[in-house]
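Letters A, B, ... mirror the listed sequences (proteins, then strands); counts begin at 1.
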Number of protein chains: 2
Amino acid sequence: MTFDEAKDKFIHTWGTLASQWGINRSMAQLHALLLIAPESLATEDIMEQLQISRGNASMNLRDLMDWGLIYKQLKPGERREFFYAEKDIWKVARQVAKERRRREITPVVEVLNELKAIPPDTPEAQEFLRVIAGLGNVVGFADSTLNAVIKAEENWLMGQFLKVFR
Amino acid sequence: MTFDEAKDKFIHTWGTLASQWGINRSMAQLHALLLIAPESLATEDIMEQLQISRGNASMNLRDLMDWGLIYKQLKPGERREFFYAEKDIWKVARQVAKERRRREITPVVEVLNELKAIPPDTPEAQEFLRVIAGLGNVVGFADSTLNAVIKAEENWLMGQFLKVFR
DNA sequence: TTGAATTTTCAAAATATTTTGAAAGGAATG
DNA sequence: CATTCCTTTCAAAATATTTTGAAAATTCAA
């Protein structure tokens, strides 16, 4: 496999994968492209390489910046904006974990807490409360795991964890 | 909040959440409904409670069975099929972890292995290989984490892990 | 200021996904 | 068997998401 083939395959694969994760294809491909780019790229470069429209590029670049996965660079003497990706993959993972925790875990915890306040008068209500309590535990685990990723500034604890389960 | 309100809110919330996870609303709501049902339900019950069509119910029930999250029950003297959910939430989590690992992690590992075989002749290729190697580590971590969930028949190790990071 | 270069916005178009419902398929009953 | 009851399938319709592209906004240099 040549480098160009590998590059295409990488960008394509990342895009396909991301859609299973609720991230749209353009955003994922954009991220993939910037991840493997040795230099920062201008919007034009991106539009051309991925064959997407200006609007699409603009919106997804912004979303990626919101996620903290890419940065804007201003080159002296250049009017255009350039973009480059965060290359420390663990930092990327931390960033994603942090965002997903905020967007997905936190709201569920709130709803579960609300729901566990109903009176346990009927069998249905009791079953319901059991399920809610169980889900609370699982969500707690997910939360802890994401926190582990987020807080692992050093790789030591992570390494310990991996050793135990491998 | 009354039980009925709580039930509706739970089903609705679960459905909304799931769509961020690439699972469709009907499937998630169906699962939520069965999770909190104290008795197994017939297709008709489900159609009525969730206001969905017969075809929709049929397809999503099958998908949930494929995921190992619900079971079919045949009641003596009844011609209709009944469905009930796996109520052990940790088992549900394990099942989901197992499926996602199979569907998402395994293919990525294969592609990454393919890609890391390119010759490191240019700076671009070298950067690419660095990124691929880094992603390999992150994916390895995700894999280990899912394995931890999958293999944790007992809660002991899980508890240890949580203690360390909490 | 003005105007050229660049980015952002957003309604409409394109695409993708989900849902429906009716027809076809199966299985149990008499 | 034929009939009834129930489930599955799948093309078409409905919905939701993504993408486009041109107009509006912004930025910077002169």
side-chain N/O [X] vs [N] OP1/OP2, d < 4.0 Å:
X	N	result
N24(B)	dT19(C)	yes
R62(A)	dT9(C)	yes
S26(A)	dT19(D)	yes
S58(B)	dT9(D)	no

In whole Å, what is the span from the [atom1] atom of [X] to the [atom2] atom of [N]?
X	N	atom1	atom2	answer
M47(A)	dT20(D)	CE	C1'	10 Å
L74(A)	dT27(D)	CG	P	12 Å
D63(B)	dT17(C)	CG	C1'	13 Å
I52(B)	dT17(C)	CD1	P	20 Å
M59(A)	dT18(D)	CE	P	11 Å
L61(A)	dT9(C)	CG	P	12 Å
Q73(A)	dT6(C)	CD	C1'	17 Å
E81(A)	dA5(C)	CD	C1'	12 Å

Under 4.0 Å, heavy atoms only, any strand: does R54(A) hit a base, just the sugar-phosphate, or nothing?
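Base contact.
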
Have a look at E44(B) and say if it touches a base, only the backbone sugar-phosphate, or nothing, with a 4.0 Å heavy-atom cut-off.
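No contact.
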
5'-most by nearest nucleotide on DNA chain C - N56(B) or F82(A):
F82(A)

Which of these, R79(B), R54(B), R80(B), sits in a salt bridge (charged side-chain N to carboxylate O under 4.0 Å, His left out) with E44(B)?
R54(B)

Relative to the 5' end of DNA chain D, which residue comes earlier, R79(A) or Q51(A), by the nucleotide with the nearest heavy atom?
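Nearer the 5' end of the strand: Q51(A).
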
Taking the six-membered ring of W67(A), is NZ or CZ of R62(A) closer than 6.0 Å to its centre and within 45° of its axis?
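No, R62(A) does not lie over the aromatic ring of W67(A).
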
What I want to check is whether the side chains of W21(A) and Q20(B) have a donor and an acceptor closer together than 3.5 Å.
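No, no side-chain donor-acceptor pair sits under 3.5 Å.
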
Is the ring pair F128(A)/F10(B) parallel, tilted or perpendicular, if the boundaries are 30 and 60 degrees?
perpendicular

Do E124(A) and K7(B) sit within salt-bridge range, that is, some charged N less than 4.0 Å from a carboxylate O?
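Salt bridge absent between E124(A) and K7(B).
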
